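Below is one structure, written out as structure tokens, with a few remarks after it.
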Amino acid sequence: MNEWVDVCLNSSSPLDPFDSSTSWSLAEDPSNSSSEPVVRTLTPDLQPATTAVGIQEVSPWDIALCVTGTLISCENALVIAVLFYTPTLRAPMFILIGSLAVADLLAGLGLILNFVFTYLVDSSVEFVTLLSVGLLISAFSASVLNILAITVDRYLSLYNALTYHTERTVTFTYMMVVFIWVSCLTLGLLPALGWNCLKDESTCSICRPVTKNNAVALAVTFLLVFALMMQLYLQICKIAFRHAQQIAVQHQFVAISTTKGVSTLSAILCAFGVCWLPFAMYSIVADSSYPVIYTYATVLPATCCSVINPIIYAFRNPDIQKSLWMACCGCVPSNLSLRPRTSSDV
């Protein structure tokens, strides 16, 4: 303490403890008469700047989306493997199922990559952001359009039951699949071609960097697709019940299968609507200023649709079931081999 008094007496100018030019170290507070050092006088200029490393907290919603993407990828990879290694599964209906599986597989991989880009890669890079959102837009758009194509295929299989297998060619199916993928890849490239909100954050939708106008256009298109699917499924139900009444006497099992198929189609439509409608409606009314929790709460059910798709469109099909049984245990259950195949199984 004596040293401190000598400095004050011998200095030509008083030392102001509150002067901005004064930097205190691990020393005593001059206003404190005790000999104990006061650690609170440590100022930031003595703290090492390299020790303060910001760690981004992982959102549980992002973890849930990543887990969902992993499940989607595993399911659809299995479907693609079965279709690829089974030569007998080359009919038009299996081409559509394979296209749907590829779309959902890419959607699952897109969710995983989005998690990686968010937490393990510098997401401020525009290329990373545009690549992630472009993949997700293309994959989920292709998934929805492939479901629509399968719905149309089911309708035609009942509406033109007698001539369906002769009129429906593999070439026509491939052309339809190519059209779907070209359209969806074009949609995915739009953000990279300048249709994004990276330069004007006020125009962002709930899914950055998609603009509000583009998100509304995609949501309205989805609502139109959903309305078309509803109309087709209503027509399918009418045709199926009419066929069931006509052949119930001679072929009872066909009538039972048709009725069961109609119930299945109704469940499919309800599941599709429950998964996608909340996200589509929210995309229309909301923008980037809305709480992000609402976006997660609507996106997660939409991604779950890709979890349900392999179960509905692939694993319920008796031919795919036979291939899975042969791959797993080398045999086919007797009740499965005797089961008749109908359009509702596809």
Side-chain angles (χ1 to χ4, degrees), residues 49 52-66 68-69 72 103-145 179-225 275-303 305-306:
V53 180
I55 300 177
Q56 185 177 3
E57 183 179 357
V58 180
S59 170
W61 289 98
D62 287 328
I63 295 176
L65 288 175
C66 184
T68 304
I72 292 171
D104 287 332
L105 174 62
L106 292 178
L109 294 177
L111 293 174
I112 298 173
L113 290 178
N114 183 68
F115 182 87
V116 173
F117 291 158
T118 301
Y119 295 101
L120 302 179
V121 181
D122 186 5
S123 59
S124 62
V125 181
E126 291 187 3
F127 171 76
V128 172
T129 304
L130 295 175
L131 175 63
S132 176
V133 72
L135 177 60
L136 290 174
I137 290 176
S138 298
F140 282 112
S141 299
S143 178
V144 171
L145 291 183
F179 173 78
I180 290 174
W181 280 102
V182 170
S183 302
C184 295
L185 291 176
T186 303
L187 290 176
L189 288 174
L190 289 180
L193 296 177
W195 295 55
N196 57 69
C197 62
L198 293 177
K199 297 182 179 179
D200 187 5
E201 296 291 338
S202 61
T203 62
C204 283
S205 66
I206 59 174
C207 297
R208 183 182 181 274
V210 180
T211 62
K212 173 66 175 179
N213 293 334
N214 290 346
V216 171
L218 289 174
V220 171
T221 303
F222 167 79
L223 293 178
L224 293 176
V225 170
C275 289
W276 278 106
L277 280 179
F279 178 70
M281 299 301 296
Y282 185 67
S283 298
I284 295 176
V285 301
D287 54 32
S288 58
S289 64
Y290 280 61
V292 70
I293 185 67
Y294 299 146
T295 302
Y296 280 118
T298 54
V299 166
L300 187 58
T303 59
C305 186
S306 295

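Position 1 is the first residue of the sequence, and the numbers go up from there. On a predicted model such as this, the values are computed, not experimentally measured, just so you know.
Counting heavy atoms from C-beta outward, Phe115 and Ser59 have side chains that stay 4.5 Å or more apart. Between Met281 and Thr298, every side-chain heavy-atom pair lies at or beyond the 4.5 Å cut-off.
Thr129 approaches Pro209 most closely through the heavy-atom pair CG2-CD, 3.6 Å. Smallest separation of non-hydrogen atoms from Pro301 and Ala297: CD-O, 3.1 Å. The minimum heavy-atom distance between Ile72 and Ser306, with the atom names listed, is CD1-CB, 3.6 Å. Here the closest heavy-atom approach between residue Asp200 and residue Thr203 is recorded as O-OG1, 2.8 Å.
Side chain of Lys212 to backbone of Ile206: no donor-acceptor contact under 3.5 angstrom is found. Looking at Ser138, its side chain never comes within 3.5 Å of a backbone N or O of Leu135 through a donor-acceptor pair. Remark: the backbone N or O of Ala217 is paired with a side-chain donor or acceptor of Thr221 at under 3.5 angstrom.
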Trace of the side chain to side chain contact (heavy atoms under 4.5 Å, CB included) decision for Tyr296 with Asp62: CA-CA 8 Å; Tyr296 280 118; Asp62 287 328; 2.8 Å; yes
Evaluation steps, side chain to side chain contact (heavy atoms under 4.5 Å, CB included), between Leu277 and Leu223: CA-CA 8 Å; Leu277 280 179; Leu223 293 178; 3.6 Å; yes
Test side chain to side chain contact (heavy atoms under 4.5 Å, CB included) applied to Val292 and Trp61, step by step: CA-CA 10 Å; Val292 70; Trp61 289 98; over 6 Å; no
Steps toward side chain to side chain contact (heavy atoms under 4.5 Å, CB included) verdict (Asp104, Ser143): CA-CA 6 Å; Asp104 287 332; Ser143 178; 2.7 Å; yes
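Ring orientation note: the planes of Phe222 and Trp276 are tilted relative to one another, at an angle of 30° to 60°.
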For residues 182-192, please give each side-chain donor-acceptor pair under 3.5 Å, one per line with the distance, not counting sequence neighbours.
{"from": "Ser183", "atom 1": "OG", "to": "Phe179", "atom 2": "O", "distance (Å)": "2.9"}
{"from": "Thr186", "atom 1": "OG1", "to": "Val182", "atom 2": "O", "distance (Å)": "2.7"}

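Listed by chain and number, the residues in a side-chain hydrogen bond (donor to acceptor under 3.5 Å, both in side chains) with Thr211 are Asn214 (sequence neighbours excluded). Residues satisfying the side-chain hydrogen bond (donor to acceptor under 3.5 Å, both in side chains) criterion with Asn196, sequence neighbours excluded, are absent altogether.
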